[in-house]
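Computation of the quantities below employed the complete heavy-atom set of this structure, encompassing side-chain atoms and omitting hydrogens, waters and symmetry-equivalent molecules. Just so you know, residue 1 is the first one in the sequence shown, and it goes up from there.
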Amino acid sequence: MSEQSLRQSPPSSTRPAPGAPPDVREPAHAPVAHMVRGGLVEGVHHGSVVVLAADGSVEFQTGDIEAAFYPRSALKPLQAVGLLRAGLPPLDDASLALTAASHSGAAVHLSAARRLLRSAALTEDDLRNVPDLPYGAPEREEWLRRGLGPTRLAQNCSGKHAAMLMTAQARGWCLDSYLDPGHPLQWELAAAVEDLTGQGIAHVTVDGCGAPLFAVSLHGLTRAAARLATAAPDTDEGRIAAAVRAHPEMIAGEGRDVTRLMRAIPGLIAKDGFEGVQIAALPDGRAVGVKIADGADRARMPVTAAALERCGVDARILAPFAAAPVIGGGEPVGSLRAAGTLAPHSAP
């Protein structure tokens, strides 16, 4: 779906029109993390980071926070809000969290996805996401030990896709084409993304799971995360935030850093995305957005921890997330941690 076709889509509400879409350009990323081995900087990760104050103002930024980029799965909480606005039938909090998840494929995730489908008299065959193995490493290893192959249910986006089908069915829309960018469901989700980010969608492509993927700016995405985190409980934004906070194990999975981070910081909502994307927001509206330029997942959480420290989160709480060990001969010989203007005094 092009930007033009989005502009021609029917409005879903009387909400104010979004601002202009961000510029499509090569982002001017900056150094944000160093990999140090034996006291020498062996590798440098570039990226962009924004830290928002409680009033929404930019407290810190580095790199290019205004260029259009793809949030990947970090967009899912916004899409989940869009599903509620579009008529997603009532769900318990655990199931609602799964609609915004990149789940590990554990039994609890697969059972919840099946329940979503059964509640609408649907089956796994109705899903149109790409079949895959479970995303979580332990879950994937167990899956393979059992001799199982890729399935649509095991794929980490199956909760979102099940909820899309449920919403389309509730509205009487075609199920077979629910991933078509011109489908009314996708118009509704695009409208929610534009409303929450406060900006138009710059470009549309296809995400790894097969769903339409909307390009916004890192600043806009982080602004949307803050909006969810501060929303009143009786709003659609507040319902998604409450579900994620109540069930961090559903948004990712046991052992995953996003789940551990939300458990460590009371009230935090957080979501990661492929290609080094992370958002996190506190209940008072302080929020961070991270994009690692080369997509390296290893740099995502150390950079996020440094950004959260700038939000005032206790460094002792963030310590388990602030560095990744660099191994030599089976022993730690250095670390990967935030650098540059984000953490100018970072130690190796």
Side-chain angles (χ1 to χ4, degrees), residues 73 75-136 138-140 142-180 183-189 192 207-212 236 238-254 256 259 271:
S73 285
L75 197 64
K76 285 177 179 173
L78 283 63
Q79 292 170 308
V81 172
L83 288 168
L84 286 176
R85 291 180 178 180
L88 176 66
L91 299 174
D92 60 83
D93 279 353
S95 298
L96 193 55
L98 191 75
T99 70
S102 298
H103 65 71
S104 291
V108 66
H109 302 129
L110 303 186
S111 295
R114 288 191 190 97
R115 286 197 303 274
L116 290 176
L117 292 169
R118 281 199 304 267
S119 69
L122 299 167
T123 72
E124 183 175 354
D125 291 338
D126 294 302
L127 295 171
R128 293 292 181 265
N129 57 317
V130 177
D132 202 355
L133 299 172
Y135 181 68
E139 291 83 2
R140 184 168 57 252
E142 173 61 22
W143 195 264
L144 293 172
R145 275 196 298 268
R146 294 168 56 194
L148 301 175
T151 71
R152 298 185 193 276
L153 200 70
Q155 198 267 341
N156 75 88
C157 304
S158 62
K160 177 180 78 172
H161 282 257
M164 285 181 175
L165 280 168
M166 291 177 66
T167 306
Q169 185 184 75
R171 292 291 298 272
W173 294 329
C174 177
L175 300 186
D176 290 343
S177 61
Y178 76 93
L179 294 184
D180 188 321
H183 193 284
L185 173 69
Q186 300 302 333
W187 290 340
E188 294 282 353
L189 300 190
D207 208 343
C209 66
D236 293 327
R239 289 175 61 197
I240 295 299
V244 169
R245 287 174 179 134
H247 295 279
E249 77 285 356
M250 299 302 286
I251 202 75
E254 296 300 333
R256 297 265 298 280
T259 293
K271 185 69 189 75

Smallest heavy-atom separation, Arg256 atom then Ser102 atom, equals NH2-O, 2.9 Å
Minimal heavy-atom distance between Ala100 and Ile251, with the atoms involved, is O-CD1, 3.2 Å
Residues at least two apart in sequence or cross-chain that pass side chain to side chain contact (heavy atoms under 4.5 Å, CB included) with Asp176, listed by chain then number, are Arg128, Cys174
Rounding to 0.5 Å, atoms CZ (Arg152) and CG (Asp125) come to a distance of 8.5 Å
Could you tell me if the side chain of Asp180 sits less than 4.5 Å from the side chain of Leu185, heavy atoms only? no
**Request:** State, with a plain yes or no, whether a side-chain heavy atom of Leu117 is found less than 4.5 Å away from one of Arg114.
**Result:** no
Minimal heavy-atom distance between Tyr178 and Asn129, with the atoms involved, is OH-N, 3.9 Å
Is a donor on one side and an acceptor on the other found under 3.5 Å between the side chain of Ser104 and the backbone of Ala106? no
> Can any side-chain N or O of Ser119 pair as donor or acceptor with the backbone N or O of Leu116 at less than 3.5 Å?
Replying inline: yes
Side-chain contact test, heavy atoms from C-beta onward, threshold under 4.5 Å: evaluate it for Met164 versus Leu189 and give yes or no.
-> yes
Between the CG atom in Leu127 and the OG1 atom in Thr151, the distance rounded to the nearest 0.5 Å is 9.0 Å
- Using atom types as modelled and distance alone, determine if a side-chain donor or acceptor of Gln169 lies under 3.5 Å from a backbone N or O of Leu175. no
Residues pairing under ring pair (Phe, Tyr, Trp, His ring centres under 6.0 Å) where one sits in residues 101-129, two or more places apart or in two chains, turn out to be His103-His109
Just distance, no hydrogens or angles: give the donor-acceptor pairs under 3.5 Å from side chains in residues 80-97, sequence neighbours left out.
residue: Arg85; atom: NH1; partner: Asp195; partner atom: OD2; Å: 2.9
residue: Arg85; atom: NH2; partner: Asp195; partner atom: OD2; Å: 2.9
residue: Arg85; atom: NH2; partner: Glu237; partner atom: OE2; Å: 3.0
residue: Asp92; atom: OD1; partner: Ala94; partner atom: N; Å: 3.1
residue: Asp92; atom: OD1; partner: Ser95; partner atom: N; Å: 2.9
residue: Asp92; atom: OD1; partner: Ser95; partner atom: OG; Å: 3.3
residue: Asp92; atom: OD2; partner: Ser95; partner atom: OG; Å: 3.0

All heavy atoms of Leu133 vs all of Trp143, minimum pair found to be CD2-CD1, 3.7 Å
Leu110 and Ala154 have their tightest heavy-atom pair at CD2-CA, 3.8 Å
* Asked: Is Arg140 reaching over with its side chain to a backbone N or O of Pro134, donor-acceptor style, under 3.5 angstrom?
  -> yes
Quick check: do His161 and Cys209 have side-chain heavy atoms less than 4.5 Å from each other? yes
- Check: Pro248 main-chain N/O paired with Thr259 side-chain donor or acceptor under 3.5 Å: yes
Query raised in the report: Side chain of Glu139, backbone of Gly105: donor and acceptor closer than 3.5 Å?
Result: no
Distance col, row Gln186:CD vs Trp173:CH2, nearest 0.5 angstrom, shows 9.5 Å
**Q.** Check: Lys160 side chain, Thr99 main-chain N or O, donor-acceptor pair, under 3.5 Å
**A.** no
Shortest non-hydrogen pair, Ala101 vs Lys271, comes out as C-CE, 4.1 Å
Taken to the nearest 0.5 Å, the spacing of Ser158 OG from Glu124 CD works out to 8.0 Å
Check whether any side-chain heavy atom of Tyr135 lies under 4.5 Å from a side-chain heavy atom of Gln155, and answer yes or no.
no
